[in-house]
Every structure is written in C-alpha cells, then in structure tokens.
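Residue numbers count from 1 along this sequence. If you're wondering where the values come from, they're calculated on a predicted model, not measured in any experiment. In each ligand, atom 1 is the first atom listed, and ligand 1 is the first ligand listed.
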Amino acid sequence: MKTDVHGIGMTSRRTRERLIQRLREEGIGDERVLGAIGAVPRHVFVDEAIASRAYEDTALPIGHGQTISQPYIVARMTQVLLGEGRPKKVLEVGTGSGYQTAVLARLVDEIYSIERIEPLMKQARRLLRELGIRNVQIRLSDGGDGWKEHAPYDGIIVTAAPAEVPSALLEQLAPGGRLVIPVGGAAMQELLLVQRTDTDYVQERLELVNFVPLVRDSI
Ligand code: SAH
C-alpha cells in the first residue's frame, strides 16, 4: 500500500520547509529548483513503511536493488541541468521512482524518461499520472542508447553511473545543450557537466557522488 498522493500527514508544510532550508544551507540557490522540490510530495514515491523518512536528505530504497536519489543530489543535478536557461526538451535516463522526473516536470516543457526495470517504470508512470503530470513520456529500454526519435535534447540527465559517457547521449545533445551525468566505478563516481557547443564538447567536473551503475542491456 502507498500513501495517498494528496499527502495528509507526512507532507506537513513545516517538514518540507525544513528540507528546503537544508538544501539552501548546502548551497542550492536556484529558487526555481527549491520551489519545485517544495511542491513535489516525495513521500508518495517511496513505500509507506519508510514514508516518514521521505523529507530527510537521504537516498532511500525503492526495491529491485535501486534507490530514490537524495534530495540534495536531485536539487544539485536539476540546478546544473537548467543553468541560466530553461531547457525545453529533456531526456532522463534512470526514471527509478519518478521523483526526479516529477521535479523536472515542473521546470521544463517536455521530458522523455527511460527506465530498464519494468515494475519501476510502471509504478513511476502511475504515480506521475496520479499527480496530474502530463508532460512526461516514459519507456522501457537501455537508456545508454538514448531515445533517438525525440533527439536532439536541450538537456540530458542521467541518474545511474556508466564507466564513461555513452556516445549516443553526446550525439543526441543539441548544440548549446547540457548533459549532467555521474561517471566512474561502482563505489564512487564524479558528477560531470558536459556542454555541447557548435563545434565541440566542454566537460566540467562537479563533485563526487554515489549512484547505482548504469546497466547496459544492449552491448
Ligand atoms: N532518479 C531516480 C534514481 C533511480 S536509481 C529517483 O530519484 O528515483 C537509478 C535508476 O536507473 C534505477 O531505477 C535503474 O534501474 C535505472 N537504470 C540503470 N541502468 C539503466 C539503463 N541502462 N537504462 C535505463 N535505466 C537504467
């Protein structure tokens, strides 16, 4: 059983305000991002048994060996993805619970999101629908190949870690676009921002992070 999406109880305004305050202290300054995080009920994306911990700044299990990302990481990656602009079309790899998707859905026009574990994909689809979010399409595939049909993307966000940046994602990024991706081994990775210019790709290293691996089904 899941908590209801309207969230009596756990979503108390004070609890969410405490989380926003903490994100500010950790350096998240983009009011658009803080506003979106304040508006999305994170507790509906986790199991009822741990819903009381949903507004703590920690990753939590969502089954199938996967986790819902820590709010700080969601905020940081979203802030980096937006930059000074407002990407219209975004590709997300690693839908997971759908929480990051729901935050992004408030900030960009269209999202194409890919998940490789079917029950997670179906659950995320259901939750987003119940929350009235309509600008997201989710499909089941290996996100390392991107989603060519809707490319190019103004922004690409990857929430599982490959050993190196998949070339398909670089190809599907529009000139002027931003790719945010953790890259590295199983224990720890580096969060990268890759910006595509008209002629080149420029890579910036942001911070150390800890994501589940990006599992390649097609290679
Ligand atoms: N942003 C999500 C994070 C989920 S964890 C959230 O906040 O809930 C990362 C997710 O990436 C997992 O659900 C995992 O199944 C998925 N994943 C791993 N490799 C993948 C791949 N190659 N393609 C698509 N999804 C993948």
Side-chain angles (χ1 to χ4, degrees), residues 2 19 23 33 36-37 39-47 50-51 53-81 90-108 111-128 131 133 136-148 150-151 153 155-170 172 179-186 188-189 191 209-219:
K2 290 274 158 185
L19 173 61
L23 296 177
V33 175
I37 291 199
V40 175
R42 188 168 182 256
H43 69 278
V44 307
F45 292 90
V46 298
D47 199 77
I50 51 170
R53 303 188 56 204
Y55 298 94
E56 292 174 16
D57 191 19
T58 53
L60 293 167
I62 53 172
H64 309 275
Q66 309 302 321
T67 54
I68 180 172
S69 305
Q70 179 193 358
Y72 166 76
I73 284 294
V74 173
R76 172 84 161 126
M77 289 179 80
T78 307
Q79 182 166 282
V80 171
L81 184 76
V90 168
L91 174 69
E92 177 186 50
V93 175
T95 319
S97 66
Y99 174 67
Q100 166 82 73
T101 327
V103 170
L104 270 178
R106 303 183 69 89
L107 299 168
V108 307
I111 303 175
Y112 297 91
S113 186
I114 306 176
E115 172 56 55
R116 62 176 287 281
I117 298 178
E118 190 164 23
L120 289 178
M121 185 217 49
K122 286 189 167 160
Q123 168 83 345
R125 227 182 226 170
R126 182 178 71 76
L127 288 172
L128 294 172
L131 289 169
I133 293 169
V136 176
Q137 280 187 48
I138 309 182
R139 83 165 185 194
L140 190 73
S141 65
D142 177 351
D145 297 330
W147 191 336
K148 212 167 175 182
H150 300 289
Y153 299 96
I156 301 180
I157 181 168
V158 183
T159 63
E164 54 188 71
V165 180
S167 58
L169 300 185
L170 293 172
Q172 292 176 28
L179 163 65
V180 189
I181 182 167
V183 172
M188 196 172 275
Q189 310 95 30
L191 188 62
V209 290
N210 188 355
F211 278 88
V212 297
L214 185 86
V215 178
R216 301 305 311 268
D217 298 306
S218 53
I219 52 173

Short side-chain to backbone donor-acceptor contact, Arg42 and Tyr99, under 3.5 Å: no
Identity and distance of the protein heavy atom lying nearest atom 4 (C) of ligand 1: Thr67 O, 3.1 Å
Close approach of Thr95 to ligand 1, heavy atoms, under 4.0 angstrom: yes
Residue Ala160 vicinity, atoms of ligand 1 by number, heavy atom under 4.0 Å: 11 (O), 18 (C)
Nearest-neighbour protein heavy atom for atom 1 (N) of ligand 1, which is reported as residue plus atom name and distance: Thr159 OG1, 3.3 Å
Check: Thr95 side chain, Ile114 main-chain N or O, donor-acceptor pair, under 3.5 Å: yes
Gln189 side chain vs Phe211 backbone, donor-acceptor pair below 3.5 Å: yes
Candidates Leu179, Val180, Leu191 - the one meeting side-chain contact (heavy atoms from CB on, under 4.5 Å) with Val158: Leu179
Distance filter under 4.0 Å to Ser141 heavy atoms, resulting ligand 1 atoms: 23 (N), 24 (C)
Identity and separation of the nearest protein heavy atom to atom 23 (N) of ligand 1: Gly143 N, 2.8 Å
Atom pair CD1/CZ of Ile111 and Arg106 - distance to nearest 0.5 Å: 11.5 Å
Under 3.5 Å: N/O of Asp142 near N/O of ligand 1: yes
Atoms in ligand 1 with a heavy atom of Leu120 nearer than 4.0 Å: 13 (O)
Location of contacts on Thr101 toward ligand 1, heavy atoms closer than 4.0 Å: neither
Top protein contact for atom 20 (C) of ligand 1, by heavy-atom distance: Arg116 CD, 3.4 Å
Stepwise side chain to side chain donor-acceptor pair (under 3.5 Å) test for Arg76 and Gln79: CA-CA 5 Å; Arg76 172 84 161 126; Gln79 182 166 282; over 6 Å; no
Shortest protein contact, atom 13 (O) of ligand 1 (heavy atom only): Glu115 OE1, 2.7 Å
Side-chain heavy-atom pair Gln100, Ser69 within 4.5 angstrom cut-off: no
Nearest protein heavy atom with distance in Å, relative to atom 8 (O) of ligand 1: Ser97 OG, 2.6 Å
Residue portion contacting ligand 1 (non-hydrogen atoms closer than 4.0 Å) for Ser69: both
Whether Thr159 side chain and Gly94 backbone form a donor-acceptor pair below 3.5 Å: yes
Atoms in ligand 1 with a heavy atom of Leu214 nearer than 4.0 Å: 19 (N), 20 (C), 21 (C), 22 (N)
Salt bridge flag under 4.0 Å for residues Asp142 and Arg216: yes
Identity and separation of the nearest protein heavy atom to atom 11 (O) of ligand 1: Gly94 CA, 3.2 Å
Residue Ile117 vicinity, atoms of ligand 1 by number, heavy atom under 4.0 Å: 15 (O)
Protein residue, atom and distance nearest to atom 22 (N) of ligand 1, heavy-atom basis: Val215 O, 2.6 Å
Tyr55 and His43 aromatic ring geometry - parallel, tilted or perpendicular at 30°/60° bounds: tilted
Atoms of ligand 1 close to Pro213 [distance to a heavy atom under 4.0 angstrom, numbered from 1]: 18 (C), 19 (N)
Side-chain heavy-atom pair Leu91, His150 within 4.5 angstrom cut-off: no
Ile157 backbone acceptor or donor facing Glu92 side chain under 3.5 Å: no
Contact atoms of ligand 1, heavy-atom distance to Gln100 under 4.0 Å: 1 (N)
For Val212, atoms of ligand 1 separated by under 4.0 Å from a heavy atom: 5 (S), 9 (C)
